[in-house]
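Note that the structure is a prediction, hence the values are computed from the model and not measured. When reading the values below, keep in mind they use all heavy atoms of this one structure, side chains included, and skip hydrogens, waters and symmetry mates.
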Amino acid sequence: MLKKLNTLVITIALTVGALVGGGYPVAQAIELPAAPQISVKAPTTPQEKNLLVVSGMDESVKGSYRFVIYNGSQALRQLNKSERESLYAGTLTAESLDKNGVFGKNLYKNKNLTIKVYYFDKANKYREKHTTVNLLVGTTLTKAVLLNDSGPLMLTDPATVTPPPPPRIATAPVVEAKFDLVPAQCVNKVAEDNQLKVTGKVAANVRF
């Protein structure tokens, strides 16, 4: 009986040792999807807006990205489907997101605006990284995995932009010339050739 017990203890010890010591493969950490970056393309004329530019996306999971606008630590709202599509198409402006002045009294002086990028983990692949984002406007975002915080949005007031000077267009030289042909003649018994005389207004750099 004692011999059998010792054998059982040894077997258990060997099994545990195999598990701990690398006898079986240890589960690897799951790699998160690529984290997109949000940047701002500043206006170059008073008529332009602050264009939001996204880069570094994983196209295969594009439908699961969520973009939440923050004012400081307060989550304001997330981009809806139409806005996300505009962002991907390169046509979304910061001004278009300021619905009902949700960004504050002065959009361009607010240096606390950020857009955080989340992954909506519908399949619970990253359950241990889930967080819930309570929004000021809209439905709470659940199963959210934070991927990136692009930092403050540095926005430019278009009204302060000095438009570039108009392109310089070269003007054609002024030519108001008249050409007269003086027929050949004999002067003091010397024959002269036909002569072409120019009269009128001609710019100095004009060549004939």
Side-chain angles (χ1 to χ4, degrees), residues 29-167 169:
I30 300 177
E31 185 177 354
L32 294 176
Q37 295 278 342
I38 303 293
S39 58
V40 179
K41 182 181 178 182
T44 57
T45 70
Q47 290 73 38
E48 293 180 353
K49 305 295 183 183
N50 290 269
L51 190 66
L52 298 179
V53 180
V54 62
S55 60
M57 286 192 308
D58 181 347
E59 294 289 334
S60 67
V61 297
K62 187 167 66 173
S64 296
Y65 286 129
R66 297 294 183 267
F67 304 89
V68 179
I69 308 166
Y70 278 77
N71 187 358
S73 60
Q74 173 66 66
L76 302 178
R77 69 180 188 89
Q78 67 167 311
L79 305 192
N80 57 38
K81 182 178 180 181
S82 175
E83 290 167 339
R84 293 197 302 271
E85 290 175 351
S86 296
L87 176 65
Y88 299 149
T91 60
L92 186 67
T93 65
E95 288 82 356
S96 68
L97 300 178
D98 190 20
K99 302 182 185 300
N100 302 318
V102 71
F103 287 173
K105 292 183 179 179
N106 193 320
L107 169 63
Y108 304 112
K109 289 185 178 180
N110 190 342
K111 304 304 180 185
N112 297 315
L113 294 175
T114 61
I115 294 182
K116 294 185 180 183
V117 184
Y118 292 88
Y119 177 80
F120 176 55
D121 187 23
K122 184 178 180 179
N124 294 319
K125 187 176 180 180
Y126 313 103
R127 187 190 300 272
E128 71 281 0
K129 294 184 178 297
H130 282 187
T131 185
T132 298
V133 184
N134 296 306
L135 306 173
L136 183 66
V137 178
T139 307
T140 299
L141 177 60
T142 60
K143 298 186 178 183
V145 178
L146 180 63
L147 297 179
N148 185 39
D149 179 356
S150 296
L153 297 177
M154 305 307 293
L155 304 180
T156 301
D157 186 350
T160 64
V161 176
T162 302
I169 302 176

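Annotation: cation-pi pair K116/Y70 present, NZ/CZ under 6.0 Å from the ring centroid and within 45° of its normal.
Closest approach of P43 and V161 over heavy atoms only: O-CG2, 3.8 Å. In terms of heavy atoms, D121 sits closest to R127 at OD2-N, 3.8 Å. Minimum heavy-atom separation, L92 to S96: CD1-OG, 3.5 Å. The shortest heavy-atom contact between P36 and L147 is CD-CD1, 4.4 Å. Of all non-hydrogen atoms in T160 and D157, the two that sit nearest each other are OG1-O, 2.6 Å. Contact record, L113 with L76: CD2-CD1, 4.5 Å, taken as the closest heavy-atom pair.
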Trace of the side chain to side chain contact (heavy atoms under 4.5 Å, CB included) decision for N71 with N110: CA-CA 8 Å; N71 187 358; N110 190 342; 3.4 Å; yes

Derivation and outcome, side chain to side chain contact (heavy atoms under 4.5 Å, CB included), residues T131 and T142: CA-CA 7 Å; T131 185; T142 60; over 6 Å; no

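The line from CD1 of I69 to CG of L52 is 8.5 Å long, rounded to the nearest 0.5 Å. Put simply, NE2 on H130 and CZ on F120 are 8.5 Å apart, with the number rounded to the nearest 0.5 Å. Note that NZ of K81 is 8.0 Å distant from CZ of R84, once rounded to the nearest 0.5 Å. Taken to the nearest 0.5 Å, the OG atom of S64 stands 10.5 Å off from the NZ atom of K125.
Within the 4.5 Å cutoff, the side chain of L155 has heavy atoms near those of the L107 side chain. A 4.5 Å side-chain heavy-atom check between V117 and L146 finds every atom pair outside the cut-off. For the pair V53/V40, no side-chain contact is recorded, criterion being any heavy-atom separation below 4.5 Å from C-beta on. When side chains are defined from C-beta on, L97 counts as touching L79, because their heavy atoms get closer than 4.5 Å. The shortest distance between side-chain heavy atoms of Q78 and L135 falls below 4.5 Å. Between I115 and V68 the shortest side-chain heavy-atom distance does not fall below 4.5 Å. Counting heavy atoms from C-beta outward, L32 and Y119 have side chains that stay 4.5 Å or more apart.
Legend: side chain to side chain donor-acceptor pair (under 3.5 Å) pairs involving residues 48-57, not counting sequence neighbours, sorted by first then second residue: T44-E48, N50-E95.
More than 12 heavy atoms of other shown residues, nucleotides or ligands fall within 6.0 angstrom of atom NZ in K111.
The ring-ring contact (aromatic ring centres under 6.0 Å, His included) test applied to Y65 returns no partner, not counting sequence neighbours. Here Y108 pairs with nothing under the ring-ring contact (aromatic ring centres under 6.0 Å, His included) rule; sequence neighbours left out.
Formation of a donor-acceptor pair under 3.5 Å by the N106 side chain with backbone atoms of K109 is found in this model. With Y126 contributing its side chain and K143 its backbone, the two residues share no donor-acceptor pair below 3.5 Å.
For the pair E83 and R77, the salt-bridge criterion is met [side-chain N within less than 4.0 Å of a carboxylate O].
Between the side chains of N80 and S82, not a single donor N or O lies within less than 3.5 Å of an accepting N or O.
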